[in-house]
Amino acid sequence: MPSLSSLLRYSFFALALLPALGFATPAGPQPTGLPEVTVANVGGEDVSVSLAVLLSMTALTLLPSLLLACTAFTRIIVVMALLRMALGTGQTPSNQILVGLALFITMMVMMPVADQAWTAGLKPYLDGTLPFDAAWAATSEPFRAFMLAQIRETDLLTFANLSGHTQGFASPEEIPFGVLVASFITSELKTAFEIGFLIFIPFVVIDLVVASVLMSMGMMMMSPMLVSAPFKILLFVLVDGWVLIVGTLAGSFNPAVMSTAATAVGAG
């Protein structure tokens with residue numbers, strides 16, 4: 001049974017080759033019978049077009065999982081959801097708006113990584129100047145480096161023990177893909193909840209103050225959440241909260257982005 005890494009490799013390159021695949025149709029009347037089978041080269045092996053299309057469709061189904069598992073999307077969408085919960089605005093902004101914003105921030109954060117992967121591995125492979133194994137290593141290396149920079153050591157050791165690597169790894173290249181992704185996701189969730197905790201603090205203070213004022217006035221039937229919601233929204237708007245949140249999230253992956261965002265906010 002092929003491993004997850006092998007399936008991702010073949011699916012990824014099959015998806016990249018899909019636009020280049022086609023059936024050559026000779027001029028004049030077409031012969032009857034079975035059509036000629038076109039052969040494409042994927043990963044150093046000759047496969048039929050039908051198999052290449054199947055691999056491409058498999059790659060399309062894996063793209064959402066890759067987006068969730070190997071990019072900055074997990075941390076960003078979790079923080080956005082916690083921010084909406086802290087504001088107490090229910091379903092406003094809607095899930096579609098939050099996912100769209102998270103996707104664009106993810107694209108901004110991952111663009112340098114994607115550019116490195118394209119320049120170092122995928123483009124030379126499509127040009128025929130780099131073999132498949134070397135192209136896969138060069139393409140995946142920027143993503144592995146990105147995930148390794150965000151992984152916590154405790155998470156990595158936990159999943160290494162679960163996978164049977166009790167002695168650890170001598171180098172980052174020895175870390176299996178499954179262990180790397182699992183450690184990355186749990187590290188991202190922990191970081192997202194830490195950021196969410198810091199976001200919650202000022203809004204909880206507002207809720208406590210409003211509840212105390214209502215209690216002292218004897219208005220126990222009035223919902224504190226209903227009264228504090230406008231004040232929380234006003235505070236968030238006055239401090240330009242969306243810019244601060246987006247800048248903090250982007251800067252948590254790339255310090256250079258954080259410094260640029262801070263300079264822009266200060267100039268504003």
Side-chain angles (χ1 to χ4, degrees), residues 2-22 40-47 49 51-77 99-151 171-181 183-185 187-188 246 249-261:
S3 62
L4 175 61
S5 178
S6 301
L7 180 59
L8 290 175
R9 288 195 296 172
Y10 284 103
S11 300
F12 179 73
F13 282 100
L15 179 62
L17 292 174
L18 181 59
L21 297 177
N41 184 275
V42 178
E45 299 179 1
D46 292 335
V47 298
V49 169
L51 181 57
V53 171
L54 176 62
L55 292 175
S56 301
M57 295 301 102
T58 303
L60 290 176
T61 60
L62 291 174
L63 283 179
S65 299
L66 292 175
L67 176 65
L68 293 174
C70 303
T71 67
F73 183 80
T74 300
R75 181 188 304 184
I76 295 171
I77 193 62
V99 171
L101 179 60
L103 284 174
F104 277 101
I105 300 176
T106 302
M107 291 173 57
M108 179 181 65
V109 172
M110 300 301 298
M111 190 61 68
V113 180
D115 288 342
Q116 294 176 15
W118 170 261
T119 303
L122 187 56
K123 187 177 184 300
Y125 175 77
L126 295 177
D127 293 339
T129 59
L130 200 65
F132 174 77
D133 293 337
W136 166 252
T139 302
S140 61
E141 182 58 32
F143 290 94
R144 290 180 63 91
F146 172 80
M147 289 188 286
L148 284 170
Q150 313 301 327
I151 287 177
S171 63
E173 290 76 14
E174 296 181 1
I175 302 176
F177 184 79
V179 174
L180 180 65
V181 172
S183 304
F184 174 72
I185 293 177
S187 298
E188 287 295 280
V246 171
L249 285 173
S252 64
F253 295 99
N254 187 356
V257 176
M258 183 60 184
S259 61
T260 303

| Between the main-chain N or O of L180 and the side-chain N or O of R144, is there a donor-acceptor pair closer than 3.5 Å? | no
Measure the spacing between [atom1] of [X] and [atom2] of [Y] and express it to the nearest 0.5 Å.
| X | Y | atom1 | atom2 | value |
| --- | --- | --- | --- | --- |
| I175 | I151 | CD1 | CD1 | 6.0 Å |
| M108 | L249 | CE | CG | 9.0 Å |
| I76 | S252 | CD1 | OG | 7.5 Å |
| T139 | K123 | OG1 | NZ | 12.5 Å |
| M147 | I185 | CE | CD1 | 9.5 Å |

| Derivation and outcome, side-chain contact (heavy atoms from CB on, under 4.5 Å), residues E188 and F73 | CA-CA 9 Å; E188 287 295 280; F73 183 80; over 6 Å; no
Measure across [X] and [Y] and return the closest heavy-atom pair with its distance rounded to 0.1 Å.
| X | Y | answer |
| --- | --- | --- |
| P142 | A117 | CG-N, 3.7 Å |
| A138 | A120 | CB-O, 3.5 Å |
| A102 | I77 | CB-CD1, 4.0 Å |
| C70 | M110 | O-CE, 4.0 Å |
| P124 | W118 | CD-O, 3.8 Å |

